[in-house]
Asks: 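Have a look at this one.
A note on names: the letters A, B, ... follow the listed sequences, proteins ahead of strands, and every chain is numbered from 1.
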Amino acid sequence: MNAIEVRDLTRDYNGLRALDHIQFDVAQGEVFGFLGPNGAGKTTTIRILTGQLHPTSGAGRVMGCDVVTERDPLKPQIGVVFEYQNVYERLTARDNLLFAAQLYGVDAQRVDETLAQLGLAERARDRVKSYSNGMKQRLLIARALLHQPKVLFLDEPTRGLDPNVARDIRAFVADLARQGVTVFLTTHYMEEADRLCQRVAILDHGRIVALGAPAQLRAEHGAGQDVTLEDVFVKLTGRQFEGPFAE
Amino acid sequence: MLSNTIGRRMRIVWAIAAKDILDGIRNKVLLQTVVTVLFMIVFYKALPIVTGGGPPQVTVYDMGNSTLTLDLQASPNVEARRVSSLEDMQRFVAMGGTPEIGLVIPAGFDAALAAGERLGLDAYVQHWVSDSAAETLAGRVEAEVAALLGRPIHLNLDAHWVYPPLDSIGPHTWAAFSMTLMLVLIGMGLTPQLMLEEKRAHTLEAILASPASSGQVVLGKAIAGLLYCLVCGAVVLAFNAGMIVQWAFAILAIMCGSLLAVAVGLLFGVSIEVVQSLRMWVSAVIIPVFVLPVVASFMAMDLPRVVNAAVRWFPSVALARLFLLSMTNQAPLAEYGLDLALTLGTAAILLAVVAWRVRRSDR
């Protein structure tokens with residue numbers, strides 16, 4: 001069984017098509033990169049696959065659960081790190097995780113273990129508003145992993161972080177994948193996707209314009225040894241501008 | 001299996017409510033709302049103390065034509081007015097915002113005075129005046145009457161408490177108005193804030209990605225909002241404790257009012273996206289729907305008949321009447337049945353609309 005199966009998934013917002021019949025599979029234990037420019041439909045896909053949004057048509061299954069009709073068994077199997085640092089700033093890190101633990105029916109001991117695993121144990125009782133961006137991001141990951149999900153959705157997890165923290169997070173994600181956790185990753189950092197992902201899909205205007213291993217995409221769409229995933233991305237999704245930035 | 005599912009769902013609802021209660025205690029905006037509303041109540045209660053202090057007010061029902069009435073009206077030490085029946089006297093006394101005395105001068109009082117008989121007068125005071133304050137007030141009036149008559153006299157206060165009639169205006173109407181307004185302000189101010197904070201910080205998405213459903217989120221918020229309303233309601237009831245005659249009705253009114261206010265607040269919370277819009281909508285709704293109808297119904301304003309009839313059907317008026325009923329000793333079932341039905345019915349309809357909107361929010 002694949003961890004994620006998406007068939008003909010379409011989503012319209014007030015007559016505008018955000019996702020246009022996309023389909024792909026993600027194998028269990030795979031790190032899958034979902035790339036695309038802003039507004040391409042990455043977050044909409046995550047919202048549908050995590051049971052927060054109905055698709056207009058098409059189907060999605062995560063760990064065998066239909067994302068529309070089987071949300072109750074689906075949700076305990078997934079963890080989500082959102083593109084925003086959406087934690088309760090007035091609460092302590094521990095209180096944030098205790099709240100999540102209550103939602104998932106996880107005991108308090110697991111909260112302390114997860115805080116320690118993410119290196120937050122020492123400041124667990126500090127209010128989150130005193131945390132740096134990097135610490136908040138680690139707290140978001142801790143929350144997503146608290147209930148030991150089988151599939152982890154990461155929506156731009158390293159955006160705006162300093163290189164050291166970003167590197168730690170990438171190492172952590174790679175480690176999770178080695179433990180068998182399936183990772184669905186969106187990012188604007190092509191190098192990150194190239195390094196972490198076994199396969200990537202490139203999304204543009206709600207459609208998948210390329211799907212495959214990074215090396216395969218470089219080979220298919222590049223014209224030389226030095227072609228990067230970023231070159232492929234720009235080639236497939238780039239716009240023709242007029243004015244001072246036009247090439 | 002079923003009990004496990006219910007238990008799990010209730011655990012999630014309680015987790016959301018408990019988080020909001022804990023977070024709310026640290027939320028300056030929420031605390032500011034509560035403190036502002038409570039300050040308004042304290043200010044309203046303190047106003048008579050600040051503005052009072054003049055000579056005692058005496059409402060006289062003179063069954064004969066005693067010279068004492070004229071003497072009292074002429075006296076600078078009391079502010080006396082004469083009424084023509086016992087009911088009028090009780091009504092006037094009940095309308096007083098500060099402690100007042102109602103005095104009954106029996107027919108043949110002057111003849112009894114001339115005959116040197118031992119004299120006593122029945123005196124009345126509002127039911128919410130404490131025993132000691134009533135005795136002090138009666139003592140002042142007793143001394144003035146004795147000075148005017150030139151001989152000692154006893155004012156008999158025994159069980160002569162005046163309860164406000166349902167259709168009268170006085171401190172009880174303003175207490176009912178302030179309690180209604182306070183509940184509505186807390187419910188409409190705090191409950192949507194709980195939703196909007198989650199939307200603003202995008203924490204709602206994290207909750208909805210967890211096993212919590214949107215219905216459980218709303219229920220959790222409703223419980224937190226209800227708790228805030230009930231706590232503030234208890235404080236306001238404590239401030240108005242002296243006015244309450246029927247505590248069961250008062251508690252019932254607080255509970256129904258909290259439910260109504262939270263239902264309105266939740267509707268705002270699920271419909272509005274930003275705090276600025278919330279302020280605009282609360283301002284737009286609170287005056288025409290909650291303040292004006294209640295004031296109009298209490299003041300029996302000279303409005304067209306159809307408007308007066310329509311005002312009676314406002315849930316805010318029904319809620320204010322429930323509070324009013326708790327402050328009188330006249331509350332037959334028929335008087336509050338409709339008000340109860342209107343308040344709870346409106347809350348139920350609003351909660352149903354909220355549930356419907358929430359169910360469709362992922363589409």
Asks: Contact part of B:Leu204 toward chain A, heavy-atom cut-off under 4.5 Å: side chain, backbone, both or neither?
Replies: neither

Asks: Using a cut-off of 6.0 Å, state whether more than 12 heavy atoms not belonging to A:Gln28 lie near its atom CD.
Replies: yes

Asks: Where does A:Tyr84 contact chain B at under 4.5 Å (heavy atoms): side chain, backbone, both or neither?
Replies: side chain

Asks: Taking all non-hydrogen atoms of both residues, which atom of B:Ala209 and which atom of A:Gln52 are closest, and how far apart?
Replies: CB-NE2, 3.9 Å

Asks: Do A:Thr50 and B:Leu208 pass the side-chain contact (heavy atoms from CB on, under 4.5 Å) test, and can you show the C-alpha distance, the side-chain angles, and the key distance before you say yes or no?
Replies: CA-CA 9 Å; A:Thr50 55; B:Leu208 292 177; over 6 Å; no

Asks: Got more than 12 heavy atoms from elsewhere within 6.0 Å of CZ, B:Arg11?
Replies: yes

Asks: Look at A:Tyr88, A:Phe153, A:Tyr13 and state which one has the largest set of heavy-atom pairs under 4.5 Å with chain B.
Replies: A:Tyr88

Asks: How many angstroms lie between atom CG of B:Asp20 and atom CZ of A:Phe99, to the nearest 0.5 angstrom?
Replies: 7.5 Å

Asks: Using a 4.5 angstrom heavy-atom cutoff, name the option from A:Arg143, A:Arg127, A:Arg47 with the most pairs to chain B.
Replies: A:Arg127

Asks: Of all of A:Arg90, A:His54, A:Arg11, which one pairs up most often with chain B through heavy atoms under 4.5 Å apart?
Replies: A:Arg90

Asks: Which bit of A:Val81 is near chain B, if near means a heavy-atom gap under 4.5 Å: side chain, backbone, both or neither?
Replies: neither

Asks: For B:Glu197, which atoms come within 4.5 Å of any heavy atom of chain A: side chain, backbone, both, or neither?
Replies: side chain

Asks: Which heavy-atom pair separates B:Ser210 from A:Tyr104 by the least distance, and what is that distance?
Replies: CA-OH, 3.3 Å

Asks: Looking at B:Lys19 and A:Ala100, would you say the former's side chain and the latter's main chain have a donor-acceptor pair under 3.5 Å?
Replies: no

Asks: Give a yes or no on this: more than 12 heavy atoms of other residues, nucleotides or ligands lie within 6.0 Å of atom CH2 of B:Trp356.
Replies: no

Asks: Using a cut-off of under 4.5 Å on heavy-atom pairs, state which of B:Ser214, B:Ala206, B:Ala212 scores highest against chain A.
Replies: B:Ala206

Asks: Below 4.5 Å from any heavy atom of chain B, which atoms of A:Asp95 appear? Answer side chain, backbone, both or neither.
Replies: side chain

Asks: Please determine whether the number of non-hydrogen atoms from other residues, nucleotides or ligands lying under 6.0 Å from atom NZ of A:Lys150 exceeds 12.
Replies: no

Asks: How about A:Arg7: does its CZ atom have over 12 heavy atoms from other parts shown lying under 6.0 Å from it?
Replies: yes

Asks: Between B:Arg8, B:Glu198, B:Gln216, which shows the greatest number of heavy-atom pairs under 4.5 Å with chain A?
Replies: B:Glu198

Asks: Go through the atoms of B:Arg200 and report whether side chain, backbone, both or neither lie under 4.5 Å from a heavy atom of chain A.
Replies: neither

Asks: Taking atom CD of A:Glu122 as the centre, report whether more than 12 heavy atoms of other residues, nucleotides or ligands fall under 6.0 Å from it.
Replies: no

Asks: Taking all heavy atoms of B:Ala15 and all of A:Leu103, pick out the closest pair and write down the distance.
Replies: CB-CD2, 4.2 Å

